[in-house]
Protein chains: 2
Amino acid sequence: MTGPAASTLLSELAAALSEDRVSADPELLSQKAHDRSYHSWEPPLAVVQPLSTQEVSEVMRICQAYGIPVVPRGSGTGLEGGANTSSGSICLDLSGMKQIIHIAADDLYATAEAGVMKSELNAALAQYGLQFPAGPGVDASVGGMAATSASGTTAVRYGTLKENVVALTVVLADGSVIRTGSTTKKSSSGYDLTHLFVGSEGTLGVITEVTLALHPVPEASVSGVWSLPSLESAVALVVAALRSSLRLTRVELLDRLTVDALRRYTGYSAPVTETLMVEFSGSGAEVQAQYAQFAELAEQYRAAEHLTAADPEESRQLWQARHDVLPATLALVPGATAMATDVCVPISKLPECIAETKADLDSVDLLAPIVGHVGDGNFHLAMLLPPGDEQALARAKEINARLVDRALAMGGTCTGEHGVGIGKIGPMSTEHATALGAMRAVKSALDPAGLLNPGKVLG
Amino acid sequence: MTGPAASTLLSELAAALSEDRVSADPELLSQKAHDRSYHSWEPPLAVVQPLSTQEVSEVMRICQAYGIPVVPRGSGTGLEGGANTSSGSICLDLSGMKQIIHIAADDLYATAEAGVMKSELNAALAQYGLQFPAGPGVDASVGGMAATSASGTTAVRYGTLKENVVALTVVLADGSVIRTGSTTKKSSSGYDLTHLFVGSEGTLGVITEVTLALHPVPEASVSGVWSLPSLESAVALVVAALRSSLRLTRVELLDRLTVDALRRYTGYSAPVTETLMVEFSGSGAEVQAQYAQFAELAEQYRAAEHLTAADPEESRQLWQARHDVLPATLALVPGATAMATDVCVPISKLPECIAETKADLDSVDLLAPIVGHVGDGNFHLAMLLPPGDEQALARAKEINARLVDRALAMGGTCTGEHGVGIGKIGPMSTEHATALGAMRAVKSALDPAGLLNPGKVLG
């Protein structure tokens, strides 16, 4: 798009919204052009900041008329470049859409605009004794979480965004506004468009409002840190727990390297070995019973309890270690950044997948602590990249590519929760060998001009 | 299609499968031309009975070449005419696809061919201490349950088929075979085609294999029958339970008429009033604690315990009453059939929705006991139609239409679990006013010639 045409486009967008919410300020362009990943980006033509679904609709209508690509953006916490812009595109920044539209406490759902952060929603829910526990540890926008099909440590109990988004407001490529799903607990009425948009990363439509399932805040919880003699025994213990009447709220695996990093970074004192952090929640009597049952099971797998926490403050401190993993890992190499992998495999394949990956890592000079949402078969390597070390980046990309191949060969997926973005387009044709054509057909049907987040998900 | 062309088509199908699995026997045509509903049907050209995904693919390829509509069929237990055929179509009877392909006990999933019945799957799972609890009370095929997005009494705990189908093998309109989803617990990889096909009732593709999430068989359970002074108090008690740390495995509402019908039909002795049947399951200690907590809550809503059952045989007897509801209801009017309604509303709207519906029923001469999956906001009227009474049928259709309007006005859905089929096409344009265009675009993209189960879901 040449200068004068771009200038007309921006004027038209400014007229539809307001001058101060259509910006070509270079600093803002750079700031909003990328997520937290290592993937490349170019500054967009402009950052557009709508405040309502109607304004998003106007933006889409105008961009459709000009044939300008639109890259929707939430809070920018993505890890695969899903919100990264190319030159000539518009960054559609939804972070200003902050309204919590409705909390239906008795019906256990809430509707919020795309830019509402998970923390903001939970703050509003507290007075009802309710929570939205799904999603990543990092604070993120509800629109971004839905678009990525995000999850995190609580998926083993509460599911991912897939299981927790019940309805959506979506602006389609041509600017039309649709409402998908229902605020009822279930429905068999028509095609499930809600789940088509969840995880579509802005390539099929722009999610502007999200209706989410809510859950009661548990009365009580008990957490524990357990040291295991091996990776195999850790996974076997978790499988046994999942096949029993136990209901884990969280179960996180920390490998030796991660434990070592935590010990260096904080006052963490657990032995340097494979470690499980577990949590049970519910009524007071019940969580004690559940934890005792888990302890009995753990003994069979030669697990040793290192720490336990039953009161909220102790529990917060215990779980702080899990939140400290990233900074502790980064502190191992001064100035380093981390490239995160995200494969997910059937749980029974976890020990083999992790062991082979560790062997692969040993063959190259890369430090990569591993943490895993072990109840879901999903784990992350944090591959440490010393500043400016292009060779380390290249090695990390190779490790990641081999890890993805390994996971796919085991019946796994290239991404458990980070999404495809730019970073996982390569494996899509292997993972979805037969289904890719149907995905392309759906994309063409909903975005015939290919203006919604081009180059993402399907490439 | 004229006689000779039809005969060529049938010969080609017989050559692709085998003579004895392509039939135009009038008795078989009538038998396979409809489900259990009151909706109209015409005998198809032929009943085709493939035994593998590959054979389904062949059938689709041939029917596409001839431009012949295909109506997929599972076990025929549908209630909205989703599997009803029109003249000139082919009935694709998948009930012979009976292989349980894989049980991954440690990974908590199983893959079965479409014709495998829920009871058959559960029989095979028993040796692993696992179960597939989702789906309707009536035995049904896994393919049919997935295609309908079915559920039943256990949805409050385990979710519907939506939450329990993790991957599918689907034959598309042109005969190509695709695999959707992943056998991992979660994935953010590509568009969620799995959920697009779940609930699409054979209009987007033919589901030939279903991968389902499995759950441990609980160690213990406690059930109870509770009498409530009013509908309002029954719903309020359930809402309070859902907002607490209780985890209901089942919670069913029986209205006075239903209780009365059961008393006449069996030795059922509960008082004739609004009644809740509840179940808690898990470890032994835990279910006792949960039931005690529920009993405490129930007192606040003036509920009186009528019956409780903790051992499996007592529990089976207690829940037999719920299974007896349909025969007991039918026995109220000699020779009658029942038309089932299926709206679902946000739970807080249940008392109002049911009360208004009862008032509407009182205005016409129709007997219609009500049972409800009250934890989901879903309830069924069983409107009794005396044999040959066309006027009663007409009145029942009017009641149903007004009920659907009422539910939609309350933010509900026209079908909680029975599907759209033929019977709910009318309300689709109201319920999905804005989204219907996107649904049609998806349909056109995947079935451009409109040969997959035409006239269903979108009309």
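Chain letters run A, B, ... following the sequence lines, proteins first, then strands; residues in each count from 1. The model shown is predicted, which means the values in this text are computed figures rather than measured ones.
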Fill in: Interface residue of largest heavy-atom contact number with chain B, from A:Ala433, A:Ser281, A:Ser149, under 4.5 Å
A:Ser149
Worksheet item: Does the pair B:Arg247/A:Glu286 count as a salt bridge with the N-to-O cut at 4.0 Å?
Response: yes
Fill in: Among B:Ala150, B:Cys344, B:Gly282, residue most engaged with chain A (heavy-atom pairs, under 4.5 Å)
B:Cys344
Item to complete: Report, by ascending residue number, the residues of residues 194-204 of chain B in heavy-atom contact with chain A at a distance under 4.5 Å; give 'none' if the set is empty.
Response: B:His195, B:Leu196, B:Gly199, B:Ser200, B:Glu201, B:Thr203, B:Leu204
Fill in: Flag side-chain contact, heavy atom, 4.5 Å: A:Ser189 against B:Lys424
no
Practice prompt. Could you grab the distance from atom OG1 of B:Thr184 to atom CG of A:Leu350, nearest 0.5 Å is fine?
Written response: 11.0 Å
Fill in: Point-to-point distance, once rounded to the nearest 0.5 Å, from NZ of B:Lys185 to OG1 of A:Thr160
12.0 Å
Discussion item. I'd like to verify something: which residue of A:Asp106, A:Thr148, A:Leu130, A:Val420 has the highest number of heavy-atom pairs under 4.5 Å with chain B?
Written reply: A:Asp106
Worksheet entry | Note: B:Lys186-A:Glu163 ion pair, threshold 4.0 Å (strictly below) | no
Fill in: A:Ser244 versus chain B, the contacting section by heavy-atom distance below 4.5 Å
backbone
Discussion item. Tell me which of these, B:Gly377, B:Ala438, B:Cys414, B:Ala285, has more heavy-atom pairs under 4.5 Å with chain A than the rest.
Written reply: B:Ala438
Worksheet entry | Region of B:Ala240 that comes under 4.5 Å of a non-hydrogen atom in chain A | neither
Discussion item. Among A:His418, A:Glu80, A:Lys162, which residue has the highest count of heavy-atom pairs closer than 4.5 Å to chain B?
Written reply: A:Lys162
Fill in: chain B contact via A:Pro218 - side chain, backbone, both or neither, heavy atoms under 4.5 Å
neither
Worksheet entry | Contact class of A:Leu214 relative to chain B, heavy atoms under 4.5 angstrom | neither
Worksheet entry | Proximity breakdown for A:Ile347 and chain B, heavy-atom pairs closer than 4.5 Å | both
Practice prompt. Under 4.5 Å heavy-atom distance to chain B, tell me which part of A:His373 shows up: side chain, backbone, both or neither.
Written response: side chain
Practice prompt. Begin with the C-alpha distance, continue with both residues' side-chain angles, and end with the deciding distance and a verdict on side chain to side chain contact (heavy atoms under 4.5 Å, CB included) for B:Gln293 and A:Glu219.
Written response: CA-CA 13 Å; B:Gln293 189 182 335; A:Glu219 287 168 25; 3.6 Å; yes
Item to complete: Using only heavy-atom distances, determine whether the side chains of B:Glu417 and A:Ser188 contain a donor-acceptor pair under 3.5 Å.
Response: no
Worksheet item: Looking at B:Leu436, B:Val457, B:Leu193, which makes the most heavy-atom pairs under 4.5 Å with chain A?
Response: B:Leu193
Worksheet item: Most heavy-atom pairs under 4.5 angstrom with chain B, which of A:Val217, A:Leu172, A:Ile178, A:Asp342?
Response: A:Ile178
Worksheet item: Where on A:Asn378 is there a heavy atom nearer than 4.5 Å to chain B: the side chain, the backbone, both, or neither?
Response: side chain
Worksheet item: Considering only heavy atoms from C-beta outward, does the side chain of B:Val177 approach that of A:Thr434 to under 4.5 Å?
Response: no
Discussion item. Distance alone, cut at 3.5 Å: any donor-acceptor contact between the side chains of A:Ser187 and B:Thr413?
Written reply: yes
Discussion item. Is A:Val239 in contact with chain B via its backbone, its side chain, both, or neither, using a 4.5 Å heavy-atom distance?
Written reply: side chain
Discussion item. Only pairs of heavy atoms separated by less than 4.5 Å count here; which of B:Ala289, B:Ala435, B:Gly412 has the most with chain A?
Written reply: B:Ala435
Response to the item:
Answer key: most heavy-atom pairs under 4.5 Å with chain B among A:Val442, A:Thr180, A:Leu458 is A:Leu458
Worksheet entry | Side-chain touch A:Tyr128/B:Arg243, heavy atoms, less than 4.5 angstrom | yes
Worksheet entry | Contact leader toward chain A among B:Lys443, B:Met439, B:His215, where contacts are heavy-atom pairs under 4.5 Å | B:Met439
Worksheet item: If you measure from OH on A:Tyr191 to CE on B:Met428, what distance do you get to the nearest 0.5 Å?
Response: 8.0 Å
Discussion item. Quick check on the interface: out of B:Pro427, B:Gly437, B:Gly190, B:Gly419, who has the most heavy-atom pairs with chain A under 4.5 Å?
Written reply: B:Gly190
Practice prompt. Mind listing the closest non-hydrogen atom pair of B:Ala445 and A:Ala441 along with its distance?
Written response: CB-O, 3.6 Å
Worksheet item: Quick one: what part of B:Gln290 sits under 4.5 Å from any heavy atom of chain A, side chain, backbone, both or neither?
Response: side chain
Item to complete: Side chain from CB out, backbone as N, CA, C, O: work out which of these in A:Ala104 comes under 4.5 Å of a heavy atom of chain B, or both, or neither.
Response: neither
Worksheet item: Counting N and O atoms only, with roles assigned by atom type, does the side chain of B:Asp107 sit under 3.5 Å from a partner on the main chain of A:Ser348, one being a donor and the other an acceptor?
Response: yes
